[in-house]
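The block underneath contains the structure these notes are about, expressed in structure tokens.
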Protein chains: 2
Amino acid sequence: MKDVAARAGVGLKTVSRVVNSEPGVTPDTERRVQEAITALGFRRNDSARILRKGRTASVGLVLEDLADPFYGPLSRAVEEVARDHGALLINGSSAEDPAREQELVLALCARRVDGLVVIPAGDDHRYLEPEISAGVATVFVDRPAGRINCDAVLSDSFGGARDAVAHLIAHGHRRIGFIGDQPRIHTAIERLRGYRAAMSVAGLPVNEAWMSLGATDPSRVLAAAEAMLSGPEPVTALFAGNNRVTVTAVRVLAARPGRAALVGFDDFELADLLSPGVTVVAQDAAQLGRTAANMLFRRLEGADEEPRQIVLPTRLIARGSGEIPPAHRVAS
Amino acid sequence: MKDVAARAGVGLKTVSRVVNSEPGVTPDTERRVQEAITALGFRRNDSARILRKGRTASVGLVLEDLADPFYGPLSRAVEEVARDHGALLINGSSAEDPAREQELVLALCARRVDGLVVIPAGDDHRYLEPEISAGVATVFVDRPAGRINCDAVLSDSFGGARDAVAHLIAHGHRRIGFIGDQPRIHTAIERLRGYRAAMSVAGLPVNEAWMSLGATDPSRVLAAAEAMLSGPEPVTALFAGNNRVTVTAVRVLAARPGRAALVGFDDFELADLLSPGVTVVAQDAAQLGRTAANMLFRRLEGADEEPRQIVLPTRLIARGSGEIPPAHRVAS
DNA sequence: CTGAAAGCGCTTACAG
DNA sequence: CTGAAAGCGCTTACAG
């Protein structure tokens, strides 16, 4: 910039004005500055600008896994809102590891992102307190913050799970298995609660062997499903706690004779084209991201309300797999 | 930092040393500084650090659409490599709009990302020349740069398409339709070339009505597929130019009597569980991202070779849809 | 309409 | 082992 000013024979401030298209520069001066800019190949350094201005026009997004199809539309929605506000998106995957989540979040804070959208892996976010009081707006998505009071946008995991299980019960099932995410994760606990509530309302007993929380990698889910579908008290239906579990459950069931019923949490592409179509409790990932991002920018524009929690409804979509009746030898 | 130094009764440089855990500080001094840091809630401002150091430890990733399942694993792979090198990922979607691509790329350059991984939407990247000569390492992925000489990592679109179409021909098809992406996009042209090559090698005539390039939104693809499958010279098989097209083609075919054959470019989740399973030419999205990111960091570490183009092989996976013979009335 | 001075919060190069 | 000075490349607040 100094070189540009020298070459154009003007002051630094004038160059700054031209670069930012501020008013108050004669057309003639502007032309000289523009010429110097192209001649010297000048490119404004936004780091310096940021240092001076205080705002970085960037927001951080921390999620579990960029490669998970559930997070694609969510990220995209956050990005679009950020773009509308002239902000870039810096993001990273926690790989469901709380230590890595914290490392990422703090790295983002050190970069002075204006705000943070977090899909937490951990359940203790007190490490964020200094950052939040220093002014980093933060909104949690999909799962609430742990041990701090913070904005959050969630899906109705409890209600959705309850509806899913009630649906299976309405189709005659009495022995229903639940395979969910790790118990550290809020949605896993909520969906388990919903499962229990539906069973309890229907007056059905629950066997501990019908509930399995843990990692959602295929091998773990496969083992859990096989165990529930075999043994002395086999389940006649499965409720899968998220899209990763559902996909593996579909594979397990396709490979077995005498199909058990299945309802999955999260919709997924082509679920309707499988045979049978997969009945799901759908949540709107894009809407989740959009709502969170809007909340974030409202905070950034100075909204000074108490932290809020927004819960978005889920929707049961019947496609066939959830309407399969219990196998004959199992009918009550 | 000044406040911390004052409170601890030391110089600025000592605080800097503690913050960066550099050697040469007495344990006692260090303790005093640490105390001041926590008491004052000090958080290092990386913007200032970046301004001074020159390197931002961040790389930009510009892709078409974060929500497209093809880019999820690719992004994740780039992120992992960046993480191994201590860099963060800033990313954005071009939405297949060349102007938006350029806007994003230049915004990333103004932030002084160390390097750039670009899945281009446009076909003219001369706007990047000043940036590249200023030292921004750049690697293109999935599609090469246009009108500049730059590193690129591609899948073998031509070979993969040729194999796909040859596979259909080997199963008796003579009238084969190709539905691809917009002709501005390199992969669309290459896959069309592969289609033509396979037809030509087999001595089969090609009807212009059997080739349709354009947007990959469902309505356009649906119309194109319906047109090819109807009319005076209906095709008996479809070759879908990417995963978005394939998914719509699966829907179209499922809704029609007398199934046409289908081979898709790009593998996708659950392709094997559909009925019939969908035969695809698979490319390894994660490998594409990983290779590109490694290339980028090699450049950042000073590798000063000529720009290279790496082409990764594709793999045909037969699952049923590509092995359906032509309908009877159509057999030659 | 234009510019000189001060400063954003760090690090570098140097001296003690 | 420790620190004062200069500077990274911009913008802000002010004066002319």
Side-chain angles (χ1 to χ4, degrees), chain A residues 1-37 40-58 86 106-107 109-114 130-131 134-136, chain B residues 1-37 40-58 86 106-107 109-114 130-131 134-136:
Chain A
M1 195 150 129
K2 215 162 52 183
D3 298 340
V4 172
R7 189 181 226 265
V10 299
L12 271 178
K13 178 60 206 173
T14 302
V15 178
S16 174
R17 272 192 266 262
V18 172
V19 170
N20 298 304
S21 19
E22 283 168 26
V25 183
T26 352
D28 182 55
T29 319
E30 177 163 358
R31 194 169 344 102
R32 288 214 319 282
V33 173
Q34 285 292 7
E35 267 168 29
I37 285 176
L40 267 46
F42 168 78
R43 315 173 307 140
R44 181 175 72 191
N45 184 330
D46 275 0
S47 300
R49 179 162 223 259
I50 283 164
L51 179 57
R52 211 39 251 249
K53 299 211 92 152
R55 283 232 165 157
T56 58
S58 57
L106 292 178
C109 288
R111 300 276 175 122
R112 294 292 189 273
V113 291
D114 297 331
E131 307 297 335
V136 181
Chain B
M1 195 152 129
K2 215 163 51 184
D3 298 339
V4 172
R7 189 180 226 266
V10 301
L12 269 179
K13 178 60 207 171
T14 301
V15 178
S16 173
R17 271 192 266 264
V18 171
V19 169
N20 298 305
S21 21
E22 282 166 28
V25 183
T26 351
D28 182 55
T29 319
E30 177 163 358
R31 195 168 344 101
R32 286 215 319 284
V33 173
Q34 285 292 9
E35 267 167 28
I37 285 176
L40 267 45
F42 168 78
R43 314 173 308 141
R44 181 175 74 190
N45 183 332
D46 275 1
S47 298
R49 178 161 221 259
I50 283 164
L51 179 57
R52 208 44 249 248
K53 298 211 93 155
R55 283 231 165 158
T56 58
S58 57
L106 291 178
C109 289
R111 300 276 175 121
R112 293 292 189 272
V113 290
D114 297 332
E131 308 297 334
V136 181

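This one's a predicted model, so the numbers in the text were calculated from it and none came from an experiment.
- Computed from coordinates, the A/R111 CZ to C/dC8 P distance equals 22 Å when rounded to whole Å.
- In this model, the phosphate group of C/dG9 is not approached by any side-chain N or O of B/S47 to a distance below 4.0 Å at OP1 or OP2.
- For B/R49, the listed nucleotide lying nearest its side chain is C/dC10; candidates were C/dC8, C/dC10, D/dT2.
- Note on A/D46: nothing from the nucleic acid sits closer than 4.0 angstrom, heavy atoms only.
- Along DNA chain D, the nucleotide nearest B/V10 and the nucleotide nearest A/R44 are compared for position; the residue whose nucleotide lies closer to the 5' end is B/V10.
- Nucleotide C/dA15 forms a Watson-Crick or G-U wobble pair with D/dT2, both donor-acceptor distances falling under 3.5 Å.
- Protein atom NZ of B/K13 is 14 Å distant from nucleotide atom C1' of D/dA6, rounded to whole Å.
- A distance-only check finds no donor-acceptor pair linking the side chain of A/R111 to the backbone of B/D46 [under 3.5 Å].
- Note on A/T14: a side-chain N or O is less than 4.0 Å away from OP1 or OP2 of C/dG3.
- In this structure, A/K2 and B/V25 both approach DNA chain D, and ranking their closest nucleotides by distance from the 5' end singles out B/V25.
- Dashed line: the shortest gap from a side-chain N or O of A/K53 to OP1 or OP2 of D/dT12 is under 4.0 Å.
- Listed candidates were C/dG9, D/dC10, C/dT2. Nearest to the side chain of A/M1 is D/dC10.
- When atom types are taken as modelled, the side chain of B/R31 and the backbone of B/T26 share no donor-acceptor pair closer than 3.5 angstrom.
- We find that CD of B/E30 is positioned 12 Å from P of D/dC1, with the value rounded to whole Å.
- Between B/R52 and the phosphate of C/dT12, there is no side-chain N or O to OP1/OP2 separation shorter than 4.0 Å.
- Within 4.0 Å of A/T29, counting heavy atoms only, lie sugar-phosphate atoms of the nucleic acid but no base atom.
- Not one side-chain nitrogen or oxygen of B/N45 sits closer than 4.0 Å to the OP1 or OP2 atom of C/dC8.
- Per the geometry, CZ belonging to A/R55 stands 17 Å off P belonging to D/dT11, to the nearest Å.
- One N or O on the side chain of B/R32 and one on the backbone of B/A8 form a donor-acceptor pair closer than 3.5 Å.
- From B/N45, atom CG reaches atom CG of A/L51 across 6.0 Å, with rounding to the nearest 0.5 Å.
- Taking 4.0 angstrom as the limit, A/S16 places none of its side-chain polar atoms (N or O) nearer than this to OP1 or OP2 of D/dC10.
- Side chain of A/R17, nearest nucleotide from D/dT11, D/dG9, C/dT2: C/dT2.
- Summarising the geometry, the separation between CG on B/L12 and C1' on C/dC8 is reported as 14 Å, rounded to the nearest angstrom.
- Atom P of nucleotide C/dA6 and atom CG of A/L51 are separated by 18 Å, given to the nearest angstrom.
- A 4.5 Å side-chain heavy-atom check between A/T29 and A/V18 finds every atom pair outside the cut-off.
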